[in-house]
Visitor: 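Once you've had a glance at the structure underneath, I'll fire off some questions.
Throughout, residue positions are numbered sequentially from 1 according to the sequence presented. In this text the structure is predicted, and so the values were computed from the model without any measurement.
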Amino acid sequence: MSTRTNWRELEQRILKVIKTPVRPVAVAFLDAEPAGVKKFLGTQPAGCSFWRLAAEGRTFYTIPENHFNCAVGAYTHNIALSPEREKETEQTLKMMFDLGYVKPEEVPQIPRLAKSPRAIVYSPLAEAPVDPDVVLFALRSAAAAMLLQEAAGRAGVGVGAPSLGRPTCMALPASLQFGAIASLGCIGNRVYTGLDDDEMYVVVRGKDLASVAEALQVISGANTALRDYARGRREQLSHSEFEGR
């Protein structure tokens, strides 16, 4: 169970700076079903749909079968599908290939979890019942993403990986591998989670979050000072003249 870190305090500290109305989501990949956590019993069309439920305040865990409706998410989460669902995966990929959305040679390059989870726990960060492997931030501005990325860099967390696009769910295994990951989101994720057109994600490894939160305070103050400095220089030095006719 989660005992080492005050996740509620971390959520409050981070949201005070980045000011997103969407609660950060904690995700943990487990080798066994957890005790004391509600099991998800319904159905969802995609693995990222569980992010939306957690952001709305629900704490629960899924098992691999709960992810069978999402061929792409099952791939990134290293979940083996039944033979019937494997056929659906082939059909989904063929549609994406035919539309020109993705090329066949891109599929092996998509990040995946190193091993298959027996259970996946989702919750708002503040109520994480187990220590999260990754924490998802849905952000309404590039400026907020900038602050988190700069804080991760100051904390020594890897931020060298490029911003990711489709599929959005690959940002989770990519974060475990590389550190803090920015994801622009994909159209499927935006439909299944309700992510707005002007929103994007930053995903941070759970073990790094306390360091990132501490660095975020420094980065936020530095950005405020640099903003005022840049505004002053703009006012002082912006005098445009052009030679010629």
Side-chain angles (χ1 to χ4, degrees), residues 2 4-5 7 10-11 14-15 18 20 22-31 46-52 54-55 61-62 67 70 72-79 106 108-117 119-126 128 130-139 142 144-186 188-190 192-193 195 199-216 219:
S2 180
R4 298 184 298 276
T5 304
W7 301 110
L10 280 182
E11 177 177 310
I14 292 172
L15 293 187
I18 62 173
T20 175
V22 183
R23 297 186 70 182
V25 172
V27 183
F29 303 104
L30 305 183
D31 294 328
C48 57
S49 298
F50 299 121
W51 307 359
R52 172 178 52 80
Y61 75 91
T62 62
H67 297 258
C70 184
V72 176
Y75 179 84
T76 62
H77 285 37
N78 203 354
I79 292 174
E106 293 181 75
Q109 302 172 16
I110 296 175
R112 304 181 72 189
L113 292 180
K115 63 178 181 177
S116 303
I120 305 176
V121 177
Y122 299 89
S123 72
L125 175 60
V130 298
D131 291 334
D133 290 303
V134 295
V135 180
L136 296 152
F137 294 89
L139 306 173
M146 174 196 71
L147 290 174
L148 268 182
Q149 289 285 82
E150 289 181 352
R154 176 178 173 81
V157 179
V159 292
S163 297
L164 301 180
R166 78 255 189 286
T168 307
C169 53
M170 71 178 172
L172 277 62
S175 176
L176 288 175
Q177 182 177 355
F178 298 109
I181 293 291
S183 173
L184 301 177
C186 64
N189 176 271
R190 292 181 182 278
Y192 295 134
T193 66
L195 190 75
E199 293 179 319
M200 62 179 292
Y201 295 101
V202 171
V203 185
V204 181
R205 281 187 301 230
K207 67 178 183 180
D208 298 323
L209 195 61
S211 298
V212 171
E214 182 176 353
L216 186 59
I219 289 296

Visitor: Heavy atoms only: give me the nearest Y75-R112 pair and the separation to one decimal.
Guide: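 Distance-wise, the nearest heavy atoms are O-NE, 2.6 Å.
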
Visitor: Is there a side-chain contact (heavy atoms from CB on, under 4.5 Å) between L15 and T20 once you walk through the steps?
Guide: CA-CA 6 Å; L15 293 187; T20 175; 3.5 Å; yes

Visitor: Using the test side chain to side chain contact (heavy atoms under 4.5 Å, CB included), find all partners of V203 that sit at least two apart in sequence or belong to another chain.
Guide: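 With sequence neighbours excluded, V203 shows a side chain to side chain contact (heavy atoms under 4.5 Å, CB included) to V134, L136, A171, S175, given in chain and number order.
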
Visitor: Just verifying a value: how many Å separate T168 OG1 and M200 CE, rounded to the nearest 0.5 Å?
Guide: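 Here the rounded value is 10.5 Å.
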
Visitor: Identify, with sequence neighbours excluded, every residue that meets ring pair (Phe, Tyr, Trp, His ring centres under 6.0 Å) alongside F29.
Guide: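 Partners of F29 under the ring pair (Phe, Tyr, Trp, His ring centres under 6.0 Å) test: H77.
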
Visitor: Run the side chain to side chain contact (heavy atoms under 4.5 Å, CB included) test against A74 and tell me which residues pass, sequence neighbours left out.
Guide: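 For A74 the side chain to side chain contact (heavy atoms under 4.5 Å, CB included) partners, ignoring immediate neighbours, are I79, L81.
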
Visitor: Are L172 and T76 packed together at the side-chain level, in the sense that at least one heavy-atom pair is separated by less than 4.5 angstrom?
Guide: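 In short, these two side chains do not touch, never coming nearer than 4.5 Å.
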
Visitor: For E11 and P24, which heavy atoms make the closest approach, and how far apart are they?
Guide: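 Closest approach of E11 to P24, heavy atoms only: CG-CG, 3.8 Å.
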
Visitor: What pair of heavy atoms forms the shortest contact from C169 to P173, and how long is it?
Guide: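 C169 and P173 have their closest heavy atoms at O-CD, 3.3 Å.
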
Visitor: Can you tell me how far the CG atom of D133 sits from the CD1 atom of I120, to the nearest 0.5 Å?
Guide: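 Spacing of CG (D133) from CD1 (I120) equals 10.0 Å.
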
Visitor: What residues form a side chain to side chain contact (heavy atoms under 4.5 Å, CB included) with A174, not counting sequence neighbours?
Guide: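 By the side chain to side chain contact (heavy atoms under 4.5 Å, CB included) rule, A174 matches P111, L164, F178, I181.
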
Visitor: Quick one: list whatever passes salt bridge (charged side-chain N to carboxylate O under 4.0 Å, His left out) with R52, sequence neighbours left out.
Guide: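 In terms of salt bridge (charged side-chain N to carboxylate O under 4.0 Å, His left out), with neighbours along the sequence ignored, R52 is linked to E56.
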
Visitor: Which value, rounded to the nearest 0.5 Å, describes the distance between L113 atom CG and M170 atom CE?
Guide: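 Rounded to the nearest 0.5 Å, the CG-CE separation comes out at 13.5 Å.
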
Visitor: Go through the structure and list residues passing ring pair (Phe, Tyr, Trp, His ring centres under 6.0 Å) with F137, not counting sequence neighbours.
Guide: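 Per chain and number, F137 pairs via ring pair (Phe, Tyr, Trp, His ring centres under 6.0 Å) with no residue.
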
Visitor: Can you name the closest pair of heavy atoms from D131 and A28 and give their distance?
Guide: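 Result for this residue pair: O-CB, 3.7 Å.
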
Visitor: Tell me every residue that passes side chain to side chain donor-acceptor pair (under 3.5 Å) with Y61, counting only those two or more places apart in sequence or in another chain.
Guide: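 Y61 satisfies side chain to side chain donor-acceptor pair (under 3.5 Å) with E33 only.
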
Visitor: Could you pull out all donor-acceptor pairs under 3.5 Å where a side-chain atom in residues 206-214 meets a protein atom, sequence neighbours excluded?
Guide:
{"residue": "D208", "atom": "OD2", "partner": "R205", "partner atom": "NE", "Å": "2.6"}
{"residue": "D208", "atom": "OD2", "partner": "R205", "partner atom": "NH2", "Å": "3.1"}

Visitor: What's the separation between atom CG in L148 and atom CG in L139, rounded to the nearest 0.5 Å?
Guide: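 Nearest 0.5 Å value for the CG-CG distance: 6.0 Å.
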
Visitor: Check whether any side-chain heavy atom of W51 lies under 4.5 Å from a side-chain heavy atom of L195, and answer yes or no.
Guide: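 The answer is no, as the side chains (C-beta and beyond) never meet within the 4.5 Å cut-off.
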
Visitor: Using every non-hydrogen atom in the two residues, find where R190 and L184 come nearest and quote the distance to one decimal.
Guide: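 It is NH2-O, 2.5 Å.
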
Visitor: Do side-chain atoms of R23 reach the backbone of L125 as a donor and acceptor pair under 3.5 angstrom?
Guide: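 Checked: no pair found.
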
Visitor: Output yes when a side-chain donor or acceptor of S183 lies under 3.5 Å from a complementary backbone atom of G185, and no otherwise.
Guide: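 Judged by distance alone, yes, a pair lies under 3.5 Å.
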
Visitor: Taking side chain to side chain contact (heavy atoms under 4.5 Å, CB included) as the test, write out the residues that go with R154, two or more places apart.
Guide: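 Side chain to side chain contact (heavy atoms under 4.5 Å, CB included) check on R154 returns A215, V218, I219.
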
Visitor: Side chain to side chain donor-acceptor pair (under 3.5 Å) with S49: which residues, sequence neighbours excluded?
Guide: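 S49 satisfies side chain to side chain donor-acceptor pair (under 3.5 Å) with no other residue.
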
Visitor: Considering non-hydrogen atoms only, spot the tightest contact between A180 and A152 and give its length.
Guide: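 Result for this residue pair: CB-CB, 3.6 Å.
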
